[in-house]
Number of protein chains: 2
Amino acid sequence: MGVVRKTKHLEQVLRVFRQSSDPLSARMLLDALPNEVNKSTVYRMLDKLEDDGVIHSFMTLEHIRFYALCKGCSSGQRVDSHAHFQCTSCKRVSCFSDEIVLPIPEKARITSVQVLFTGQCQSCLS
Amino acid sequence: MGVVRKTKHLEQVLRVFRQSSDPLSARMLLDALPNEVNKSTVYRMLDKLEDDGVIHSFMTLEHIRFYALCKGCSSGQRVDSHAHFQCTSCKRVSCFSDEIVLPIPEKARITSVQVLFTGQCQSCLS
DNA sequence: ACATTGTTGCAACCCAGTTGCATTAATTTT
DNA sequence: AAAATTAATGCAACTGGGTTGCAACAATGT
Ligand SMILES: [Mn+2]
Ligand SMILES: [Mn+2]
Ligand SMILES: [Zn+2]
Ligand SMILES: [Zn+2]
């Protein structure tokens with residue numbers, strides 16, 4: 001079951017996501033929230049928002065889950081995936097703007113795809 | 001630093017990987033090994049094998065790391081990625097045989113890509 | 001205002017993965 | 001072959017992301 005009631009915390013969570021250009025982990029979100037919020041509460045909000053399709057999540061190399069606002073995959077049919085990138089030096093996670101079109105395997109009923117590029121970001125290269 | 005000495009455990013680990021068509025988690029590997037092996041040892045062997053490029057790893061939705069033998073990305077240049085699939089019902093993880101060709105973003109020096117499809121496998125559908 | 005029920009905080013818990021250290025075993029040197 | 005060297009192993013304690021049961025609280029409908 002997704003979000004039902006519009007609570008203060010929920011509004012703040014959504015505001016933090018909108019103001020961030022990058023995906024966030026639960027820990028980063030906790031630190032970014034203006035009020036002190038219990039971590040259980042944060043995890044439960046994230047679960048519900050994902051249930052509702054408002055956010056997507058994906059795992060990074062350090063087995064930490066990151067979350068980002070969904071930007072329009074909701075329309076249904078196609079399995080869309082905007083890819084993500086993690087810098088192996090500074091560990092920062094970011095979105096790739098370009099949509100990636102993937103051939104969908106026939107062997108199963110695919111409902112989502114996660115693409116994670118890794119390497120070194122510009123600032124870590126220079 | 002990668003593997004240096006050819007120990008009994010290491011041979012058994014490689015044998016298990018060769019006999020398995022699917023990627024394995026550390027837990028699955030532990031259970032598949034003929035001898036009782038300490039989990040720290042297993043994790044350390046996996047680390048070293050990945051350092052050496054013998055195996056690749058990727059995270060699944062339940063934040064569990066899976067490992068699979070590298071099948072020929074070693075030749076260098078191209079960022080190759082054979083995609084993986086996890087069934088959301090039975091949680092089984094498998095490889096997709098078809099190589100996936102991805103446009104490599106210019107914004108960073110990409111060294112690897114992970115692609116994880118999720119959905120329902122054939123047997124869970126029927 | 002009241003009843004209903006979703007949400008929150010708390011504390012305890014789970015589990016994948018890590019780490020420090022003493023012991024063991026593979027490889028090199030003599 | 002024996003000794004020396006050092007990588008690999010087992011163990012136990014630990015870390016940290018994430019979960020869960022439950023009582024207290026707060027949003028929503030009437
Ligand atoms: Mn989306
Ligand atoms: Mn490979
Ligand atoms: Zn970086
Ligand atoms: Zn299945």
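The figures that follow rest on heavy atoms only: side chains count, while hydrogens, waters and symmetry mates do not. Proteins get letters first, then strands, A, B, ... in listed order; numbering begins at 1 in each.
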Give the residues of residues 34-48 of chain A touching DNA chain D, defined as any heavy atom closer than 4.0 Å, sorted by residue number.
A/K39, A/S40, A/Y43, A/R44

When the distance from [atom1] of [X] to [atom2] of [N] is rounded to whole Å, what number comes out?
{"X": "B/M28", "N": "C/dG17", "atom1": "CE", "atom2": "P", "result": "12 Å"}
{"X": "B/M59", "N": "C/dC15", "atom1": "CE", "atom2": "C1'", "result": "13 Å"}
{"X": "B/L24", "N": "C/dG17", "atom1": "CG", "atom2": "P", "result": "13 Å"}

Taking salt bridge (Lys or Arg N to Asp or Glu O under 4.0 Å) as the test, write out the residues that go with [X], two or more places apart.
{"X": "B/E11", "answer": "none"}
{"X": "A/K91", "answer": "A/E62"}
{"X": "B/R92", "answer": "B/D22"}

Report yes or no: does B/T111 contribute a side-chain atom to a donor-acceptor pair with the main-chain N or O of A/T118 at less than 3.5 Å?
yes

Once side chain to side chain donor-acceptor pair (under 3.5 Å) is applied, do any residues pair with [X], and if so which ones, sequence neighbours excluded?
{"X": "B/S57", "value": "B/E50, B/R65"}
{"X": "A/Q122", "value": "none"}
{"X": "B/R27", "value": "none"}

With heavy atoms of chain A within less than 4.0 Å as the criterion, where does contact along DNA chain D begin and end?
D/dG17 to D/dT28

Among residues two or more places apart or on two chains, list those pairs meeting side-chain hydrogen bond (donor to acceptor under 3.5 Å, both in side chains) that have a residue in residues 38-47 of chain A.
A/N38-A/S40

Summary of protein contacts for nucleotides 23-30 of chain C, nucleotide by nucleotide, where a base hit scores B, a sugar-phosphate-only hit scores S (4.0 Å, heavy atoms)
--BBS---

With sequence neighbours excluded, tell me which residues meet side chain to side chain contact (heavy atoms under 4.5 Å, CB included) with B/M28.
B/L24, B/S25, B/F66

Running the 4.5 Å side-chain criterion over Ile, Leu, Val, Met, Phe, Trp and Tyr, what cluster does B/M59 land in, apart from itself?
A/M59

For C/dA16 and B/H63 - does any side-chain N or O of the residue sit under 4.0 Å from the phosphate oxygens OP1/OP2?
no

